[in-house]
Each structure stands twice: as C-alpha cells, then as structure tokens.
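Below, read A as the first sequence line, B as the second, and so on, with proteins coming before strands; counting in each chain starts at 1.
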Amino acid sequence: MATFQTLPGFREFYPDDLARRKHIFDLWRRTAHHFGFVEYDAPVLEPLELYKAKSGDEIEAQLFSFTDKGGREVALRPEMTPTVCRLVGARINALKRPVKWFSIAEFYRYERMQKGRGRCFFQLNADIFGEPGPEAEIELVALLIQCLASFGLTEQDFYIRLSDRNLWFYYLEALGLDEARIRGVLGAVDRYEKYGDEAFKAYTEQFGELDASLKAKVLAFLEIKSIEALEATLAAVGHAKLGARLADWRKLLGGLDAMGLTKFIAVDLGVVRGLAYYTGFVFEAFDRKGELRALAGGGRYDDLVEKLGGPALPAVGFAIGDMTFALLLEQRGLMPNFIQAPDVYCVIGGEAARRAAFGDIHALRAAGRRVDYPLKEVAFGKQFKLAADSGAKLALIYGDDEVAQGKVKIRDLTDRTEHEVARGDVLAVVRDFFSAG
RNA sequence: GCGGCCAUAGCUCAGUUGGUUAGAGCACAAGAUUGUGGAUCUUGGGGUCGCGGGUUCGAGUCCCGUUGGCCGCCCCA
C-alpha cells in the first residue's frame, strides 16, 4: 500500500506518539519557566555558513544542506546554539542580563540512524548569556537535573558528569605544554574511556610520543572523581590560574549542594566533550546503567557569540534530546499511557433526538467541555459501548422518550448510576459534575 | 562512509526438503441487539509475502541486486 514511504530517519507521530512527545515538552517547558527562563523560537532553515563558521567545513557532510532558488547555500538547522548566539548577540544591548532563554525545537542531521539517534529529533535548549561566573552553571545544571527529575527519574536513574576544560588547560599549561599539544591531549582524554591507550594514537602521530611522566600525570588527572582529590593534586602545582579555578569549582559544587543536588553530580575529569568551542565547565547527563547514549550535554562557550560576529559575551548552555530521553522514561516505566478521552459522550436516538442533542453538544463544547457522539445513527446498545470505550466520565442520553418529555438522561459511566434532568438544566448539571469531581 | 543481522495484514508472528486459492491472535468493522457497558458468538474488510531480476514445471521459501529497518563502527554540534 505504501508507495511513498517516510524518508529514512524521519519520524511520524500518530496520536499516541504525539501524546507522549507533548507530555515531555510540556514538562520541560513548565520546568524551564519555573527557573525563570523565557521561550524563543527561530528559523528551521539557516545559511549554511552559520554552521561552517562554528564547526568548520567538514560539518557540511552531516547537514541537510542545499542551494535554494535564490542561489543561497542553506541548511536545516542541526543545532540551536549558533542561532541563539545570533539572536542574543544582535539585541544584547537591549536585553536585561542575565539572559535566560530556552527553546524546544526540531533539528536535522544527515547521519546514520542508531538507537536514540535519528535524522530528525527534538531538543530542549537552555542557555544563559552575560554571566561569566559559575553562578550560571549552577542555574543550568540545576535546571537540567529538574528537567529529568520532574518526570520521576531519580539519582538511581541518571547522573551528571561534571568536568572542566579550563582546568585541563591550565594544568597542562603548568606541565609545560603549548596550546596545540594541549588540544591534542584533550582529544585523547575525551576518547580514553572508550579506547584506552589507543586514544593517544592521534597525539603521537602529530607530536610524537608523550613524555612518560607527563602521560602518567594526565592519566592520574583523568581519574579524579572528587573536589578533594582535585585540590590535593593541584596543591602540588604552582599556577596562579589554578587557584582561582578551584574557587569556581567550590562555588559551583557548593551551590548545587545547597540546592540538594549533590546526589546527582559526579566530578569526572574524564569528560571534556570533543567540541573545540567549549571554554570552561562541561557537563553531560547519563543513565546510571550506562545502557543509553548521553541524555544531555552542555557547557560554557564564552568565545562563540563573538566568533559568530556578535559582541564578546559569556555564555553557558545545554541541550536535552527527546529520543534517548523517551527511551529512558519507557525503560523505567515512567511514560504514562495517555488516554485522550472526551468528558461527555452522547447517546442519541432518532433524527429528532439528534437535532435536540446537537444544540446541547455545541453549547457544551463552546463552554469548554470535550464532547463526542456517534456521527451516524448507531444502535443504542452499541452506543453505550462506544460511550464506555471513549473513556468519557458522563453519558448524556438523548433517547426519543427523553426528548419527547423535554428531558435528558445523565449516566455516570464510572458508577453506572443515572438520572434525568430537564433539557434546560443540562449545561449546569454537567458543569457542576465536573467542578465537583 | 563501513560491517553484521533482518523484511509475510495496522500490530505480534506462523508458514514443513521449493508444491493447490498465504494463515492465526490482537486491532478494526458489521450482525446477533430501535433503549443500557469493557463479555461472548457469527461474519467481514484488509496482503503486488519491501521492490526488481534470476534459477525452476512451480518461489513467501533458493540466488543476485536494490530499498528500508535494527545493531555496531566513524561521527555525535
């Protein structure tokens, strides 16, 4: 039957699927509002150059890009960060700081599909602009945690790995490495968890073997899993920036602790995220069982707004994708079963009864009730079954007998009781039933 | 871009060494049932067996190709 099929990696949302998606979005949106973030949206199609400027020319291979009829090179957005940088950068002089913005939007990447990854997906993006200190990170990490926890997920289900590219930078600098070598080492650190010693291969090819004692220090640093271990390690290294950076760490962890969120946080310098544009704290959310892809990721990108042509503006942000997150909710039994039920279902007799019912049906709907009825004449017995199947709380029965007497029979489908009311009282009775219930 | 596995009804699947008109459960619909429920019974609609080619007297079944899916690699903004 299906001559035309969905493009690979694209998703169709049948009503049940859309109900689940909406559930996620609604809670994300509400949570972001609770944290004082305001919502924005932006174009799905952007100049290709916007993404090249941020990520380099190679990015084009991962994009849905094409030339439009005006000869412009364009791409479907693969992420929100460059866009929001442009929006905020353009109006920063008029915006009250800190700028706390979020969006829920769809993104497109030309990639091979995998579990938890398609060619289109939705993300919650939340960012704070204009705040250089760790106060911004406290807000965002707390928001990220609550965006997961508000679905019923606990510290048994997920955790946030917290790391710091600055600290790595300063530490490696103190060990005498130049910037190129530092980036090389960070690349290896990012891959170390997965590949072990193999992760240093690229570094070795570019710069030669990393000095053994240096490598030992890198590996020891990578293993650091607490602020205490961090302080102990850095105490031995004399470097002015490191002391200030440690103060930032204490402020961040102290703030999160005061919010009662320490149980979700794992200090883990093994996470640096591959992205070259991160400039400070980075964090990623994972399921505790380690079965799924990352749930969310974020970090500080103080240079990006300027790099994209805006003013110098510090920024931190994160994104949660909907696919892996939905998988986790389903695995933990936290995805509700949505029944899209009317409030009231009408059981209707012949043509005269139908005309009588229509007046009330429309009035009830206009008053904000969800009302449904069989479009065509259906046997009474069947209609009661339809009423029960619909999930409605009340059935209004417009039989020929009732209509002839100017009455409507109201059946409570939950306890199967019923009583008759005058036609003119139906709206009030229904309203009272639902306001009491 | 690379590798492994897979593809039969809306869903879950059966289909013998290749052999009549491709089946079941669930779901959907009609009837039993012109006035009272999620049950039951009866009946029905729905399939180019992903698509194309090949082997064969004969292909859902075997072979090749292709498209799509799942899983992994690369990547992951």
Side-chain angles (χ1 to χ4, degrees), chain A residues 1-12 14-16 46 50-56 58-63 75-85 107-119 121 123 125 187 190-191 194-195 198 202 273-278 282 284 291 293-299 301 304 307-308 317-319 321 323-324 339 341 345 347-354 374 376-392 394-404 409-418 420:
Chain A
M1 181 198 89
T3 313
F4 298 106
Q5 45 187 356
T6 320
L7 255 17
F10 281 79
R11 297 189 285 165
E12 294 168 310
Y14 282 76
D16 287 348
E46 291 275 14
L50 180 63
Y51 304 111
K52 284 189 176 176
K54 182 196 163 212
S55 308
E58 326 76 60
I59 196 66
E60 191 171 354
Q62 318 271 358
L63 298 177
L76 289 173
R77 62 184 173 201
E79 57 168 327
M80 195 58 105
T81 306
T83 302
V84 72
C85 284
F107 301 93
Y108 306 86
R109 297 180 186 178
Y110 202 92
E111 289 189 288
R112 192 76 181 163
M113 298 171 53
Q114 267 173 57
K115 190 177 187 181
R117 186 173 83 179
R119 286 181 169 183
F121 53 92
Q123 281 184 345
N125 274 260
D190 193 39
R191 292 157 174 274
K194 217 168 182 178
Y195 301 102
E198 276 287 296
R273 305 207 83 198
L275 337 171
Y277 69 87
Y278 279 117
V282 291
E284 289 194 302
E291 292 171 348
R293 315 173 67 81
L295 290 160
Y301 49 98
L304 194 56
K307 187 177 171 190
L308 293 174
F318 72 81
M323 293 181 75
T324 300
I339 347 157
Y345 197 91
V347 173
I348 302 170
E351 270 312 306
R354 178 163 292 256
K376 293 197 197 156
E377 218 170 303
V378 175
F380 248 68
K382 185 77 93 183
Q383 290 195 56
F384 280 96
K385 189 171 167 162
L386 289 174
D389 284 345
S390 76
L394 282 188
L396 296 186
I397 301 160
Y398 292 85
D400 295 335
D401 301 346
E402 289 85 353
V403 171
K409 192 179 278 181
I410 297 185
R411 182 176 177 87
D412 185 325
L413 290 165
T414 311
D415 63 16
R416 303 190 176 199
T417 59
E418 50 186 40
E420 289 189 342

*Once you round it to whole Å, what is the distance between C1' of B:C76 and CZ of A:Phe107?*
15 Å
*Work out which heavy atom in A:Ala387 is nearest to a heavy atom in A:Ala395; give both atom names and the distance.*
CB-CB, 4.4 Å
*Scan nucleotides 65-72 of chain B nucleotide by nucleotide, 5' to 3', and note B when protein non-hydrogen atoms come under 4.0 Å of the base, S if they reach only the sugar-phosphate, - if neither.*
--SSSSS-
_Min side-chain heavy-atom separation A:Leu304-A:Thr81 under 4.5 Å_ = yes
*Pick the C1' atom in B:C57 and in B:U20, then give their distance to the nearest Å.*
15 Å
*Does B:U42 pair with anything, Watson-Crick or G-U wobble, both distances under 3.5 Å, and if so, with which nucleotide?*
B:A30
*Taking any strand in view, what nucleotide pairs with B:A14 in a Watson-Crick or G-U wobble way, both distances under 3.5 Å?*
none
_Value in whole Å for how far the P atom of B:C76 lies from NZ of A:Lys54_ = 11 Å
*So, do A:Arg411 and A:Leu413 sit near enough that their side-chain heavy atoms are less than 4.5 Å apart?*
yes
*For B:U56 and B:A27, measure between their C1' atoms and round to the nearest Å.*
39 Å
_Distance in angstrom units between A:Arg191 CZ and B:C73 P, rounded_ = 12 Å
_Euclidean distance for C1', B:U61 against B:G18 (whole angstrom)_ = 6 Å
*Nucleotide opposite B:A59 in a Watson-Crick or G-U pair, distances under 3.5 Å*: none
*Classify the nucleic acid contact of A:Ile59 as base, sugar-phosphate or nothing, counting any heavy atom under 4.0 Å across all strands shown.*
base
*Salt-bridge present (A:Arg77, A:Glu46; N to O < 4.0 Å)*: no
*Expressed as a whole number of Å, how far does the P atom of B:C13 sit from that of B:A7?*
11 Å
*Using the C1' atom on both, measure B:A22 against B:G60 and round to a whole Å.*
8 Å
*Measuring from A:Ile397:CD1 to A:Ile410:CD1, what's the distance to the nearest 0.5 Å?*
9.0 Å
*Whole-Å C1' distance, B:C41 and B:C49*: 32 Å
*Tell me whether the guanidinium CZ or amine NZ of A:Arg119 lies under 6.0 angstrom from the six-membered ring centre of A:Tyr110 and within 45° of its axis.*
yes
*May I ask you to say what A:Lys52 touches in the nucleic acid, namely base, sugar-phosphate or nothing, with a heavy-atom cut-off under 4.0 Å?*
nothing
*asked:* When both hydrogen-bonding distances must be under 3.5 Å and the geometry is Watson-Crick or G-U wobble, what is B:U20 paired with, if anything?
replied: none
*When rounded to the nearest 0.5 angstrom, what is the spacing between CG in A:Leu7 and CD in A:Glu12?*
10.0 Å
*Please report the closest heavy-atom contact between A:Glu79 and A:Tyr277, naming both atoms and the distance.*
OE1-OH, 4.4 Å
*Under a 3.5 Å limit for both distances, which nucleotide forms a Watson-Crick or G-U wobble pair with B:C2, could you say?*
B:G72
*Pairwise P distance, B:C11 and B:G50 [rounded to whole Å]*: 13 Å
*When rounded to the nearest 0.5 angstrom, what distance separates NZ in A:Lys115 from CZ in A:Arg293?*
11.0 Å
*Touch class at under 4.0 angstrom, heavy-atom based, for A:Leu63 against every strand present*: base
*OG1-CZ distance between A:Thr324 and A:Phe121, expressed to the nearest 0.5 angstrom*: 10.0 Å
_What is the separation between atom CD on A:Glu60 and atom P on B:G1, rounded to the nearest whole Å?_
15 Å
*Give the rounded distance in Å between these two atoms: CD of A:Glu111 and P of B:G1.*
13 Å
_In whole Å, measure the gap between the C1' atoms of B:G23 and B:U8 for me._
10 Å
*asked:* In the structure I gave you, are the side-chain heavy atoms of A:Lys54 and A:Lys307 within less than 4.5 Å of one another anywhere?
replied: no
*asked:* So if I define the base as every atom that isn't primed, P, OP1 or OP2, how would nucleotides 33-39 of chain B read as a B/S/- string at a heavy-atom cutoff under 4.0 Å?
replied: --BBBBS
*For B:G65, which nucleotide in any strand shown is its Watson-Crick or wobble partner with both distances under 3.5 Å?*
B:C51
